[in-house]
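Position 1 is the first residue of the sequence; numbering continues from there. All figures in this text were calculated on a predicted structure; none of them were measured in a lab.
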Amino acid sequence: MTMTDDSPATRSWPRPFRYLYAASLAENLGYQVGYLAVPVLAVSALAASPGQVGLLAMLATAAFLLVGLPAGVWIDRWPHRAVLITADLVRAALYASIPLAWWAGLLTIGQLYAVVLLTGVATVFGDVAAQSFLPELVGRDRLVAANSLLMTSNATIQIGGRGGGGLLVQWLGAPVALAVNGLTHLLSALALTRVRPPAALRAAGRAPAGGFGRQLGEGVRHVLGSPALRPLAVSLAGINLTVNLMTTMLPVVFLRDLGLGAGPLGLFLGAGGVGALLGAVTARPLAARIGHGRALWLPGLLVAPAGVLVALVDTGAWLWLAASGWLALAWRTGIGNVIGVSLRQRVTPDHLLGRMNATFRFLLTGAIAVGAGLAGLLGQYADARTSLWVGAVGAAATWVPLFRSPLRTLTDPAALPAADR
């Protein structure tokens, strides 16, 4: 079996990108299964409380707050491929420890806390390195197309991964699902060993000038001082925080309040994959028709009421309505991911890519951690449904920073200053 994809969608791309694409497919398949399996295992096998579920979700992303910014400095110094392979191997070993402990009768909520925190650290380095590696492999002129392909494929996996993951958890148990997660990271690492970037890009360790603190500050200033990147970061962080207020408590609402199993929960979350897929597919034609700036903020305005449907989730017809609201929110996010990631890669010079991506990851995934922690507090001291409502109200306003920025009328990112390689 080869670890590349020779479909028409990838055949025209450089071979190094095709292996990176194959690694992304394997990694994201495991992620979608684990996304559901970890909280279901905590709730069903360890009788975790809403507060513990919230803490588990917060720890999964807390690494971006703890090491997110300095990781960018290191990634600008280190070979990106080596970082990606190491991150996959670490995650494979950590996820494998969960089913082993469960089968031995030794699994505790403390081990789950440790595993999700440490896999989060590995994910910090893997995600930032992948986004910094991409411009090297495809060039900036093809970034929108490459990101569209990656995110379309990832959204397709999200549909089957969460839906199938829910069924896998329900039929075989969460530990088996997490064993699958570890295997997919091994496959991803194998694919990455085949990546051979052009010779001119293999030289690693091109350390930026200045001390560590100065280098870190350059990345932060590049993002927060940019009229294009700052509102993008604020809007996307708001989306992540508010949506995670909802996703963190959905397992509690489904399994305890509504009496539904992991299968319906997985299928519901899979509807978000449908929305993300539609967003990734429609992002390029939508941006071409109405401009990149409007494609960033107008979908958020259109789906502003959708979060209310999610907060009203119930059995029967209300379940279908809530799923449609979840799909609409994910459609908005899918568009923003393709246009936003491509925009920020385009305007950032090569020597700052790692620090720029790390700053965005710090802000965006840090917002997820804050949302998870807040969801746990609301679920513990109010109820799980309150967290859904707070998230729904907040999500309705996340388009405003983009609307009030210079990006509002941006037609083509070519109008922005090009990155100095």
Side-chain angles (χ1 to χ4, degrees), residues 57-76 87 116-117 120-132 134 147 151 212-248 293 296-297 300 329 332-349 352-375 390-391 394-395 397-407 416 419:
M58 182 179 71
L59 289 173
T61 51
F64 285 87
L65 293 174
L66 298 175
V67 299
L69 289 177
V73 179
W74 291 317
I75 288 167
D76 277 336
V116 298
L117 177 62
V121 173
T123 298
V124 170
F125 285 90
D127 284 3
V128 173
Q131 290 186 343
S132 303
L134 186 62
N147 281 312
M151 293 174 191
F212 190 93
R214 176 181 174 183
Q215 294 166 27
L216 189 151
E218 284 177 347
V220 174
R221 287 191 297 273
H222 175 69
V223 172
L224 299 185
S226 167
L229 298 183
R230 183 176 59 250
L232 184 64
V234 171
S235 178
L236 294 178
I239 290 172
N240 283 358
L241 188 151
T242 54
V243 168
N244 214 50
L245 278 166
M246 294 183 273
T247 56
T248 301
L296 283 172
W297 66 262
L329 290 174
R332 177 272 314 271
T333 302
I335 293 174
N337 283 343
V338 172
I339 304 301
V341 170
S342 303
L343 185 149
R344 73 195 208 208
Q345 288 170 330
R346 179 181 178 85
V347 302
T348 301
L352 278 172
L353 277 170
R355 284 168 284 172
M356 177 277 292
N357 285 315
T359 301
F360 264 89
R361 282 296 190 177
F362 172 82
L363 296 172
L364 272 55
T365 314
I368 293 177
V370 173
L374 182 57
V390 174
T398 53
W399 58 276
V400 175
L402 293 166
F403 180 77
R404 294 176 58 85
S405 78
L407 294 175
L416 295 172

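Put simply, the side chain of Gln345 gets close to the backbone of Gln131: a donor and an acceptor are under 3.5 Å apart. Formation of a donor-acceptor pair under 3.5 Å by the Ser235 side chain with backbone atoms of Thr398 is found in this model.
Side-chain contact between Ile368 and Phe64 is absent, with no heavy-atom pair separated by less than 4.5 Å. Taking the side chain as every heavy atom from C-beta outward, Arg344 and Val341 approach each other to under 4.5 Å. Side chains of Thr359 and His222 form no contact here, defined as non-hydrogen atoms less than 4.5 Å apart. Side-chain contact between Leu229 and Leu343: present, with at least one pair of heavy atoms (C-beta onward) separated by less than 4.5 Å. In this structure, Arg361 and Val124 have side chains that are not in contact, with every pair of non-hydrogen atoms separated by 4.5 Å or more. In this structure, Leu363 and Leu224 have side chains that are in contact, with non-hydrogen atoms separated by less than 4.5 Å. For the pair Asp76/Gln215, no side-chain contact is recorded, criterion being any heavy-atom separation below 4.5 Å from C-beta on. In this structure the side chain of Leu407 reaches within 4.5 angstrom of the side chain of Pro231, judged on heavy atoms.
The side chain to side chain contact (heavy atoms under 4.5 Å, CB included) test with Leu364 singles out one residue from Ile239, Leu236, Leu232, Leu241, and that residue is Leu236.
To the nearest 0.5 angstrom, Leu216 atom CG is 5.0 Å from Leu69 atom CG. Interatomic distance, Leu329 CG to Thr242 OG1, rounded to the nearest 0.5 Å: 8.0 Å. For the atom pair Thr348 OG1 and Asn357 CG, the distance stands at 7.5 Å (nearest 0.5 Å). With values rounded to the nearest 0.5 angstrom, Ser132 atom OG is found 10.0 Å from Arg355 atom CZ. Met246 contributes atom CE, which lies 10.0 Å from atom OG1 of Thr248 (distance to the nearest 0.5 angstrom). One finds the CG atom of Asn240 at 6.5 Å from the OG1 atom of Thr365 (value rounded to the nearest 0.5 Å).
The two atoms that bring Pro406 and Pro227 nearest to each other are CD-O, 3.8 Å, heavy atoms only.
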